[in-house]
There are 2 protein chains.
Amino acid sequence: MLTPLRKVTEVVMGITDRKLRQKEEVRTSILDTAWEIVVTEGWSSFSIRKVADAIEYSVPVIYSHFENKEAILLEFNKKGFQLLVDALTTAKSKTTQPADQIRAMGKAYWNFAFANEEYYQLMFGLGIPSCDSKDKIPALGDFSQVIMSSIVAMAAPGKTPTFNPWLKYQSFWSMLHGLVSINMVAPDRVNAEEGHKDLPIQVLDDVLCSFIRGIEAAESARPD
Amino acid sequence: MLTPLRKVTEVVMGITDRKLRQKEEVRTSILDTAWEIVVTEGWSSFSIRKVADAIEYSVPVIYSHFENKEAILLEFNKKGFQLLVDALTTAKSKTTQPADQIRAMGKAYWNFAFANEEYYQLMFGLGIPSCDSKDKIPALGDFSQVIMSSIVAMAAPGKTPTFNPWLKYQSFWSMLHGLVSINMVAPDRVNAEEGHKDLPIQVLDDVLCSFIRGIEAAESARPD
DNA sequence: TTACTTTTCGTAACGGTGTTAGCAAAACTA
DNA sequence: TAGTTTTGCTAACACCGTTACGAAAAGTAA
């Protein structure tokens, strides 16, 4: 009202801008609240109704921002993969030696998983009904790329025609994911047996060591 | 009534026997029906109410056989681990060479997982709210034993003081579980990329090969 | 057979979930 | 100020796991 000489179109734009801004605020408050619930109470007690309650809106408001519950999960799934890729990239950048990069990424993968258990559980559907992530996670391409480039770099000098980086990448990922998920789902059984303390870290080292040796030995290997 | 000369106690026993038998029949029909639902419609659409409907009893009847839904899951969980241990044992018995035993068990593990996806999903909580399996699955001890004995046998000749079979067992399991679960949760992404057909099997071979080399090389290894 | 007791089991409820139709109130426009 | 659009709430639907309670069936004793 006090703004002098504003054209009608300007006013309209201002209003729609504010509306968009407000809508965006509600959206982020949904995501923030949802995440808070997940972190404090776990995935199992995360519900649309609880979020609606917490943000002091009615349930259908949430459905005007997200098509359904799965869409909210997908949002966190994307962010989780982005965080993971960032963590791997940072770890990788600390050295130029391919074998060290692989070691560093392996440890970064482990650290990410246990510093962000909720993300990891969602990303790989550990114990919760997750969302279909295929084709919807842009960072998944970066994920394979950042790992595979180190593998390729490592094998480059004396590479064999049968050497398959994609295969090695999957071995790498499988080993890491298996290690993480077993320790995340059944921690006490695996850790505390007969006083084996921080054994998972030893297993991680062992597995990374085997993997790197496997690539180093790729030139003289017979693929039986 | 037509049975001549039965003592009262005999009649009573007969009745209680029949009652026990009938109760057992209902119990197995619950489990059978539940399993049928899981196999045909997946874990997500398995519910107490659906089972009650299918066996033509009311819901509370199920609660007189199982404390809750989780108790039913636990039943399948136990059976799944027993089947897995059996599969591994059978595969192992085909040869006496420890390295071949490990290879055979690795492949048997993979085959079990994809021949019994529902079991595997439940046992390792892939995408479903699973039950707390710790301390309740008797076959879990056999599982570690059947694998570890081959590992020990393999390393026995020139074993190093630092060689840790329990650690190697966990590496083995982690690799296998990672490989299986990644291929079970996101099959198309991993398999069909750029026409890589039955690549998972190659990865399995690669991973098993690395693992066995890792044990063979244990004597001369520096644990960096 | 009859009267009493125990077991069995179905109805209906409680509190929770995801999702959506329909309508009232608020906000904006003319 | 009157009309239109947007916004958001109430209430419902169809599920879910779990359980209190009462009726009917089955077994027991006279």
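Naming: A, B, ... by sequence-line order, numbering from 1 per chain.
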Between B:V61 and A:V59, which has a closest nucleotide on DNA chain C that is more 5'? B:V61
Atom [atom1] of [X] and atom [atom2] of [N]: how far apart are they, to the nearest Å?
X	N	atom1	atom2	value
B:K23	C:dT7	NZ	C1'	9 Å
A:H65	C:dT20	NE2	C1'	17 Å
A:Y63	D:dC9	OH	P	15 Å
A:K69	C:dT19	NZ	P	8 Å

Has B:T33 got a side-chain atom pairing as donor or acceptor with B:I55's backbone, closer than 3.5 angstrom? no
Does atom CD (B:E56) have a neighbourhood of more than 12 heavy atoms from anything else shown, all under 6.0 Å? no
May I ask you to decide if the ring planes of B:Y109 and B:F124 are parallel, tilted or perpendicular, using 30° and 60° as cut-offs?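 Taking B:F124 first and then B:Y109, their aromatic rings sit tilted (interplane angle of 30° to 60°).
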Parallel, tilted or perpendicular, judged at 30° and 60°: which one describes the rings of A:F76 and A:Y119?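 Correct class here is perpendicular.
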Flag the pair A:D205 and A:R103 as a salt bridge only when some basic side-chain nitrogen lies within less than 4.0 angstrom of an acidic carboxylate oxygen.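 Looking at A:R103 together with A:D205, the answer is no, because their closest N to O distance does not fall below 4.0 Å.
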A:F46-A:W35 aromatic ring centre distance below 6.0 Å: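 Ring-ring flag for A:F46/A:W35: false, centres at least 6.0 Å apart.
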Ring center gap for A:H177 and A:Y120 short of 6.0 angstrom: yes
Listed in order of residue number, which residues of residues 40-58 of chain A have a non-hydrogen atom at under 4.0 Å from DNA chain D? A:R49, A:Y57, A:S58
Can you sort out which residues in residues 25-39 of chain B have a heavy atom within less than 4.0 Å of DNA chain D? Ascending by number, please.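 Correct list: empty, so none.
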Cut-off 3.5 Å, no hydrogens considered: what does the side-chain donor-acceptor table look like for residues 139-149 of chain A, sequence neighbours left out?
unit_1, atom_1, unit_2, atom_2, d
A:S144, OG, A:G141, O, 2.9
A:S149, OG, A:K92, NZ, 2.4
A:S149, OG, A:Q145, O, 3.3
A:S149, OG, A:V146, O, 3.2

So if I take every side-chain heavy atom of A:P60 and compare against C:dG10, D:dT18, C:dA21, which nucleotide ends up nearest?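 Ranking C:dG10, D:dT18, C:dA21 by closest atom to the A:P60 side chain puts C:dA21 first.
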